[in-house]
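The structure under discussion appears below in the form of structure tokens.
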Amino acid sequence: MTNLLFHASVVLHIITAAAWFGMGLRLAGRARTVLEAGPEAALALAEDGQRSVYLMNIFIVLTLVFSYVSFFLGGGFAAYHPAYHASLTLIAILVLVHFFLIWRPWKSMVSALQNGGDAGTYRKRVAIGTGSGHLLWLVILVLMFWEEFMGVL
């Protein structure tokens, strides 16, 4: 039963991580489109994007949860190499990056559009946050498979 839970959590970890990454690919472009649209269309596009960001919230938290479940069901600290331990820590940092550099600026951009404020600075923050998150995501991926990569070389 534990083996089944381990494999299920690994699969769910991969799916949620891929979903977060994929949904974030067009987020910066969507923010740019929001600002180029007219006032009514901009608000509608921003609110639609906010739903995507909300789903990203769910996926990144589930990625973190499934990573820890997989880690401990797979044997914990003794079973994994130090680079994998670092990747586990970086997933927690990725969650913080998401909430502080993607979700909050997007929410602020929607609020600025609703109140007639300047949303341009928030678009830049969303782009920076998304790019930083994707870079961190790739670093995490490499660290998780570091031993396998080094074994090939």
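With rounding to the nearest 0.5 angstrom, the CG atom of Leu136 is 8.5 Å from the OG atom of Ser132. Here the CE atom belonging to Met144 is positioned 8.5 Å from the OG atom belonging to Ser67, to the nearest 0.5 angstrom. Atoms CG and CG, from Leu88 and Leu143 in turn, are 11.0 Å apart once rounded to the nearest 0.5 Å. Here the CD1 atom belonging to Ile140 is positioned 5.0 Å from the CG atom belonging to Leu94, to the nearest 0.5 angstrom. A distance of 12.0 Å separates CE of Met23 from CD1 of Ile60, quoted to the nearest 0.5 Å. The line from CZ of Arg125 to OG1 of Thr130 is 13.5 Å long, rounded to the nearest 0.5 Å.
Hydrophobic clustering, with ILVMFWY side chains joined whenever heavy atoms are under 4.5 angstrom apart, groups Val65 together with Leu5. Cluster annotation: Trp103 and Ile128 are assigned to distinct hydrophobic clusters (Ile/Leu/Val/Met/Phe/Trp/Tyr, side-chain heavy-atom contacts under 4.5 Å, transitive). At a threshold of 4.5 Å between side-chain heavy atoms, the hydrophobic network of Ile, Leu, Val, Met, Phe, Trp and Tyr places Leu64 and Leu135 in two separate groups. Note: the hydrophobic cluster containing Leu55 does not contain Phe100 (ILVMFWY, side chain heavy atoms under 4.5 Å, direct or indirect links). Placement of Val142 and Leu138 within a single hydrophobic cluster is found when ILVMFWY residues are connected by side-chain heavy-atom separations under 4.5 Å, directly or transitively.
Around CZ of Phe72, the count of heavy atoms belonging to other residues, nucleotides or ligands within 6.0 Å exceeds 12.
Two residues are said to be in side-chain contact when any heavy atoms from C-beta on lie closer than 4.5 Å; Gln114 and Leu43 meet this criterion. The closest side-chain heavy-atom distance from Val110 to Glu47 is below 4.5 Å. In this structure the side chain of Leu27 reaches within 4.5 angstrom of the side chain of Met56, judged on heavy atoms. For the pair Phe99/Val95, a side-chain contact is recorded, criterion being any heavy-atom separation below 4.5 Å from C-beta on. Counting heavy atoms from C-beta outward, Trp106 and Tyr54 have side chains that stay 4.5 Å or more apart. Two residues are said to be in side-chain contact when any heavy atoms from C-beta on lie closer than 4.5 Å; His13 and Thr63 meet this criterion. Counting heavy atoms from C-beta on, the side chains of Val61 and Phe66 never come closer than 4.5 Å. Two residues are said to be in side-chain contact when any heavy atoms from C-beta on lie closer than 4.5 Å; Val53 and Lys107 fail this criterion.
Judged as a side chain to side chain contact (heavy atoms under 4.5 Å, CB included), and not counting sequence neighbours, the contacts of Phe145 are Leu141, Glu148, Phe149. Contacts of Ala119 classified as side chain to side chain contact (heavy atoms under 4.5 Å, CB included), with partners at least two apart in sequence or in another chain: Leu35, Met109, Ala112, Leu113.
Between Phe59 and Phe21, the distance separating the two ring centers is not shorter than 6.0 angstrom. A centroid separation of less than 6.0 Å is found between the aromatic rings of His134 and Trp20. The aromatic ring centroids of His85 and Tyr80 lie 6.0 Å or more from each other.
The heavy-atom pair separating Ala37 from Ala42 by the smallest distance is CB-N, 3.8 Å. Across all non-hydrogen atoms, the minimal contact from Leu101 to Pro105 is O-CG, 3.5 Å.
In this structure, Asn115 contributes its side chain and Ser111 its backbone to a donor-acceptor pair below 3.5 Å.
Note: His81 and Tyr84 have perpendicular aromatic rings, judged against thresholds of 30 and 60 degrees for the angle between ring planes.
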task: Apply side-chain contact (heavy atoms from CB on, under 4.5 Å) to Asn57 and His98, showing your working.
output: CA-CA 8 Å; Asn57 292 350; His98 173 77; 2.4 Å; yes
Next item on the list: Let me see the working for Leu12 and Leu62 under side-chain contact (heavy atoms from CB on, under 4.5 Å), right down to the final yes or no.
Entry: CA-CA 8 Å; Leu12 291 170; Leu62 287 176; over 6 Å; no
